[in-house]
There are 2 protein chains.
Amino acid sequence: MRVTIKEVAAAAEVSAATVSKVLSGRGAYAVHALTAERVRRVAAELGYVPDMAAKHLRTRRTGQLGVVLEAVGASEPESLLGAEAAQHAAALRRTFDGAIMAGLSGAARERRVPALVVYPGGDMPARHYLDGRVDGLIVSCDPLRGHALLQALSSAPLPLVALWTGQAPAGVCAVDVDHQSGAAQATQHLLGLGHTRIAFYGGGTHGGVEHFRRREAGYRQAMRAAGLRPYAAVHGGAELVGAVRRFQFSAVFAETDLGAAAAYQALSAAGYRVPDDLSLIGFDDVQGAEYIAGGLSTVYHPAAEMAAAGIGLLLERCAGRPVPPRTQIAPRLILRRTTRRWSGP
Amino acid sequence: MRVTIKEVAAAAEVSAATVSKVLSGRGAYAVHALTAERVRRVAAELGYVPDMAAKHLRTRRTGQLGVVLEAVGASEPESLLGAEAAQHAAALRRTFDGAIMAGLSGAARERRVPALVVYPGGDMPARHYLDGRVDGLIVSCDPLRGHALLQALSSAPLPLVALWTGQAPAGVCAVDVDHQSGAAQATQHLLGLGHTRIAFYGGGTHGGVEHFRRREAGYRQAMRAAGLRPYAAVHGGAELVGAVRRFQFSAVFAETDLGAAAAYQALSAAGYRVPDDLSLIGFDDVQGAEYIAGGLSTVYHPAAEMAAAGIGLLLERCAGRPVPPRTQIAPRLILRRTTRRWSGP
DNA sequence: CTGTTAGCGCATTCAT
DNA sequence: ATGAATGCGCTAACAG
């Protein structure tokens, strides 16, 4: 059987309350230094480990955070996305969920809060997060879906932080990557290289998704800021090749790295060289980006940083402190070998 | 305040004990059908949610599983791997952690067990998993490290399942991908295509790592089974090009997809065409593999399936049932466009 | 500074 | 078939 606080108390010849004060009180209670020292020593000798279940019951706090990963383990993506896009999206989401977990890991470990990963199953309503298991919830929304899950969860009287979204329900703290700024940075880099005829490659299946809309908005914003008229998004390899011919594009900004890889394949097949004939830049810095098109320049997608920020915010909220309702994490440019100064036609 | 079992009891005009029997007893107690029905209805009306902390304290079981991700959030990889390899490894691990989480997700959600993700921090010894938070532990070992963590954890009197390893300490259930079989499949595929001069590309920084050793073993096994003498592993782009010249290789099996991407770059730069001059096959099916070398044929790495199997095994152990000490998950070949029948020199 | 008392919400005897 | 009593291990008041 496990050793309890009582046994420690007996061995240290103090009361259980004193042991509790020493071992768990945040210094709020005054205990004689020698007594405290003795208690600690005895506890260590006995291998005492406080029982969390009992502590939780008493304090009504678990110190655990719930992580709701909408993306990972999503069950019916096909119906929303179409089969081929679904496979694509699944791989991407896994990657980002990995980054999310990494970000949570760093932040949560630093602060010593375990994260309880709960999965939004069909029949697992919001109430199930209210069973006293967690002190707060961090929700990694699937940008490819709506906000239904978030909506459902937001009715819960728990501190809530939403990841991957800029527009959370009232009372929910939203954290997102600043897609627009990232896209603007990419476009500005191309502009700074002397390109003016810059294509935006994207807008296909993802059409209505917030993130991709904002990437396109970043492109348009940067173009306009440079006094240029943005081009309409082009999607599909054949269409891109056609558009390059028609508009004499000297650069392509693809809304994702995988899009950039597809663009590169189409362009190469059509005889264009990157970066000699065309500069190419992506978004995400996915694993392997270094091998796309001989080393894809891209925008690093700070998913892990976003997750870490989310944990920080959630803990603030759990502590009852106010937090900003919206936070944006800025991506940054990663320059490799697919962009080059424009040297004329 | 939350509604407790007592309030439900009062509203349903029964005792708290009866409510407990109805709502949580596994049918072991006899309760009149009508009473039970009334209790359930009242509970639903009141929005009663059982308090987990209290339940855990009473039953000494949490229904939660601990997930220890050694890879994600690993803190000092550089010292073990060297800087450039570390970056490489970090990206890879994030991907696989994503897959792990996806696998856990599917399995755990299905069985309605939340997973508590805990991070192996420097000062978080095995005892910390013994505080009654979890019923069992699933440990995703970092193949690039040793078994130190697993060793430390295995002293805990908790059901333990180790992922990513074939050689767990006694009493620990080990689950791994069958790297050797995967590598043998890849090599056999090449052999079936008529290739006999097949290079194994790998063995660099990863030299001593179990997984990569087993991939090489798979290659050697398949070669020998075909009556051929395996070649020594070659590592590095320049070395590969030299070896291709010297040994007249017609095919290359790379121990990882990223290795295949690097091999492809070196080979292309040296004027070799894939698959016209050389067939190429990788291992992992990483995200973007479809864009490597125009569509890399590779071995799918069933990380998610492994994780799912691990959860299943852990739950069996938690239930006290016996489980096989070792489980191997078979990878499968994914054929894309980098392998071709050998048509002579 | 320390000990005593009193639950937290629930599941489980044992009566009835 | 149901209810009263008991305690899981711990912490928070309060009294000394």
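Small disclaimer: the values here were computed from a predicted structure and weren't measured. Per chain, numbering begins at 1; letters A, B, ... match sequence-line order.
With dC8(C), dC10(D), dC10(C) as the choices, the nucleotide that has an atom nearest any side-chain atom of Tyr48(B) turns out to be dC10(C). Checking dT13(C), dG9(C), dG3(C) against every side-chain atom of Lys21(A), the shortest atom distance belongs to dG3(C). Residue Asp51(B) places its side chain closer to dG9(C) than to any other of dG3(C), dT11(D), dG9(C). Across dC10(D), dG3(D), dC8(D), the shortest atom-to-atom separation from the side chain of Arg60(B) is found for dC8(D).
Across all strands, Ser20(B) comes closer than 4.0 Å to base atoms (heavy-atom distances).
Atom pair Lys55(A):NZ and dC10(C):P shows a separation of 21 Å (rounding to whole Å applied). Atom C1' of nucleotide dT11(D) and atom NE2 of His56(A) are separated by 13 Å, given to the nearest angstrom. Atom C1' of nucleotide dG3(D) and atom CD1 of Ile5(B) are separated by 13 Å, given to the nearest angstrom. Separating the CZ atom of Arg38(B) from the C1' atom of dT2(D) is a distance of 11 Å, rounded to the nearest angstrom.
Around the CD atom of Glu13(A), the shell of radius 6.0 Å holds no more than 12 heavy atoms that belong to other residues, nucleotides or ligands.
Listed pair Thr35(B) / dT2(D) meets the phosphate criterion, a side-chain N or O lying under 4.0 Å from OP1 or OP2. In this structure, Ser15(B) does not reach the dA4(D) phosphate: none of its side-chain N or O atoms is under 4.0 Å from OP1 or OP2. The phosphate of dG3(D) (OP1 or OP2) has a side-chain N or O of Thr18(B) nearer than 4.0 angstrom.
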Walk me through it: do Arg41(B) and Glu37(B) pass the test salt bridge (charged side-chain N to carboxylate O under 4.0 Å, His left out)? CA-CA 6 Å; Arg41(B) 186 171 46 71; Glu37(B) 185 41 50; 5.4 Å; no
Would you please test Asp51(A) and Arg58(A) for salt bridge (charged side-chain N to carboxylate O under 4.0 Å, His left out) and show each step? CA-CA 11 Å; Asp51(A) 185 276; Arg58(A) 188 61 236 236; over 6 Å; no
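The main-chain N or O of Val323(A) is never found under 3.5 Å from a side-chain atom of Arg317(A) such that the two would form a donor-acceptor pair.
Contact annotation: the side chain of Leu160(A) never approaches that of Pro169(A) to less than 4.5 Å [non-hydrogen atoms, C-beta and beyond]. Looking at heavy atoms from C-beta onward, Trp164(B) lies in side-chain contact with Met306(B) at the 4.5 angstrom threshold. Counting heavy atoms from C-beta on, the side chains of Gln64(B) and Met52(B) never come closer than 4.5 Å.
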Within the sub-3.5 Å range, which N or O atoms of nucleotides 5-7 of chain C have a protein N or O partner, and how far apart are they?
| residue | atom | partner | partner atom | Å |
| --- | --- | --- | --- | --- |
| dG7(C) | N2 | Arg58(A) | NE | 3.4 |
| dG7(C) | N2 | Arg58(A) | NH1 | 2.7 |
| dG7(C) | N3 | Arg58(A) | NH1 | 3.4 |

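Heavy-atom nearest nucleotides on DNA chain D were determined for Ala33(B) and for Ala54(B), and the one closer to the 5' end corresponds to Ala33(B).
Using modelled atom types, one finds a donor on one side chain and an acceptor on the other under 3.5 Å when comparing Asp135(A) with Thr62(A).
Summary for the helix from dC1(C)-dG16(D) to dT16(C)-dA1(D): the axes at its two ends, each from 5 pairs, differ by 40° when rounded to the nearest 10 degrees.
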